Amino acid sequence: MNMPHHTEPLYRPPSEVDSLIFQITEGCSYNKCAFCGMYIDKPFRIKPLDDVLSEINRIPESYSRHVHRVFLADGDGVIYPTAELAVILDALTVKFPSLRRISSYAGPQALMKKSAAEWKLLREKGLRLLYFGLESADNRVLELMNKGMKADKLLPKVQLIKEQGIDFSVMVILGGGGRILSRQHMEETTAWLNAAKPKYVSLLTLFLRRRRDYFDSIEKPRIGDLIDEIRRFVSGINEGAMIFRSNHVSNFVPLEGVLPRDKGKLLARVDETEKFLRTRGMLDKYPDFYEEF
């Protein structure tokens, strides 16, 4: 079967497991985050428009009529030039008559680069959801991460994009500020989320994948510290109706619900997990995967 061509490694959010993936860019246009090793050895490039359209057109009708979701890869597919991205979105809508959602990762540089009019156009063409790695809303943590953005500067742009009808799924990294900045990391992040009110929010736990100097500078958190951060996170969400997940393989407490509606149930689950880990003497230990690099 003629399916889209992918260059490895290929990443997509867990919720896009059933989506058809078109790799309209390769790698990450920024690719400097201190914690991220996803695209270290993969040079960034924007796939030519004709190549993307050819891949779309090659999908057989017997398959295309069953496609409900499309995900645009790689690291920040929406960095693609707006006029050409609109052509791609049109082609997807024509090719897949049952299409319900088109989504993409979005880096901060891509979010800031496009105007409100451009985001409105993309929404009209079918773009519905952006996956955005906020990681933290504490600018000190973001500087350590070499994230290349300031959370307070980005917030108005996220709110503006939401006003155009595009939803956000925001990712936050537990342990991103280490033990030193843990409290500020969670306080600033939950305040940002309360203001942004994304449709979805998820937690991942810090992995060591790139720069050990960053990892060593933050005084790496113990398992108990990470549990405390989860509790502060859940307790700190007081606005909106965010569909919340903490089910990544790196997380110690699998959680799902809607915040703040399910706060009591989720905190009870955190308390249960902490009690379990305490009885096994694990709260003062470090996660095994901190030694993987």
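The structure displayed is predicted, hence computed values, not measured ones.
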Apply side-chain contact (heavy atoms from CB on, under 4.5 Å) to the pair K47 and F22, showing each step before the final yes or no. CA-CA 10 Å; K47 187 177 291 186; F22 287 94; over 6 Å; no

For the pair I102 and L72, evaluate side-chain contact (heavy atoms from CB on, under 4.5 Å) and give the outcome as yes or no after the intermediate values. CA-CA 7 Å; I102 302 172; L72 303 177; 3.9 Å; yes

Which is it for D74 and Y11 under the side-chain contact (heavy atoms from CB on, under 4.5 Å) test, yes or no, and what are the steps along the way? CA-CA 7 Å; D74 261 341; Y11 299 97; 5.8 Å; no

Check against side-chain contact (heavy atoms from CB on, under 4.5 Å), L267 and R231: CA-CA 6 Å; L267 288 174; R231 183 179 288 108; 3.9 Å; yes

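Side chains of L129 and K199 form no contact here, defined as non-hydrogen atoms less than 4.5 Å apart. Contact annotation: the side chain of L134 never approaches that of V158 to less than 4.5 Å [non-hydrogen atoms, C-beta and beyond]. Contact check for F244 versus D262: no side-chain heavy atoms found under the 4.5 Å cut-off. Side-chain contact check for F96 versus L20: some heavy-atom pair is nearer than 4.5 Å. Put simply, the side chain of F44 does not reach to within 4.5 Å of the side chain of N31, judged on heavy atoms. Within the 4.5 Å cutoff, no side-chain heavy atoms of L142 are placed close to those of K150. Two residues are said to be in side-chain contact when any heavy atoms from C-beta on lie closer than 4.5 Å; Y105 and E16 fail this criterion. Here the side chains of L144 and L181 are in contact, with some heavy-atom distance below 4.5 Å.
With values rounded to the nearest 0.5 angstrom, Q109 atom CD is found 8.0 Å from K147 atom NZ.
Minimum interatomic distance between K265 and E256 (heavy atoms only, all atoms of both residues): NZ-O, 4.2 Å. When all heavy atoms are compared, the tightest approach of A86 to L122 is N-CD2, 4.2 Å. For the residue pair I218 and G175, the shortest heavy atom distance occurs at CD1-O, 3.7 Å. Considering every non-hydrogen atom in both V172 and H185, the closest pair reads CG1-CE1, 4.5 Å. E55 and H5 make their closest contact through OE1-N, 3.3 Å (heavy atoms, listed as atom of the first residue, atom of the second, distance). Across all their heavy atoms, G107 and D76 have their closest contact at N-CB, 3.4 Å.
Linking Ile, Leu, Val, Met, Phe, Trp and Tyr whenever their side-chain heavy atoms come within less than 4.5 Å puts I230 and F276 in one cluster. A continuous path of hydrophobic side-chain contacts links V52 to L89 [ILVMFWY only; heavy atoms under 4.5 Å]. Taken together through direct or relayed side-chain contacts under 4.5 Å among Ile, Leu, Val, Met, Phe, Trp and Tyr, V201 and M171 form parts of separate hydrophobic clusters.
Residue E219 places its CD atom among more than 12 non-hydrogen atoms of other residues, nucleotides or ligands, all under 6.0 Å distant. Within 6.0 Å of NZ in K263 there are more than 12 heavy atoms belonging to other residues, nucleotides or ligands. For NZ of K157, the number of neighbouring non-hydrogen atoms (other residues, nucleotides, ligands) closer than 6.0 Å is greater than 12. R183 CZ: 12 or fewer foreign heavy atoms inside a 6.0 Å radius. By the neighbour-count criterion of 12 heavy atoms within 6.0 Å, atom CZ of R45 is densely surrounded, having more than that number from other residues, nucleotides or ligands.
Between the D225 side chain and the R179 main chain, no donor and acceptor come within less than 3.5 Å of each other. Looking at T190, its side chain never comes within 3.5 Å of a backbone N or O of I237 through a donor-acceptor pair. For the pair Y80 (side chain) and L49 (backbone), a donor-acceptor distance under 3.5 Å is present. At distances below 3.5 Å, not a single donor-acceptor pair connects side-chain atoms of Q23 with backbone N or O atoms of T25. Looking at R232, its side chain never comes within 3.5 Å of a backbone N or O of M186 through a donor-acceptor pair. For Y131 (side chain) and P13 (main-chain N/O), no donor-acceptor pair under 3.5 Å exists by modelled atom type. Checked by atom type and distance alone, the side chain of S98 pairs as donor or acceptor with a backbone atom of R65 at under 3.5 Å. Side chain of Q164 to main chain of L160: a donor-acceptor pair is present (N/O by atom type, distance under 3.5 Å, no hydrogens or angles). In this structure, the side chain of K95 does not engage the main chain of S64 through any donor-acceptor pair within 3.5 Å. Without hydrogens or angle criteria, K42 side chain to P9 main chain gives a donor-acceptor distance under 3.5 Å.
Across I24, I56, I59, a single residue satisfies side chain to side chain contact (heavy atoms under 4.5 Å, CB included) together with P4, and that is I59. Among the candidates D90, L92, V87, the single residue satisfying the side chain to side chain contact (heavy atoms under 4.5 Å, CB included) test with K125 is D90.
Applying the side-chain contact (heavy atoms from CB on, under 4.5 Å) rule to E272 yields the partners R269; only residues at least two apart in sequence or on another chain are considered.
Side-chain N/O atoms of N251 and T205 include a donor and acceptor closer than 3.5 Å. Using modelled atom types, one finds no donor on one side chain facing an acceptor on the other under 3.5 Å when comparing S15 with Y200.
In this pair, F168 and F132 present their aromatic rings perpendicular. The plane angle is above 60°, beyond the 30 to 60° band.
The pair D138-R140 meets the salt-bridge criterion, since a charged nitrogen lies less than 4.0 angstrom from a carboxylate oxygen.
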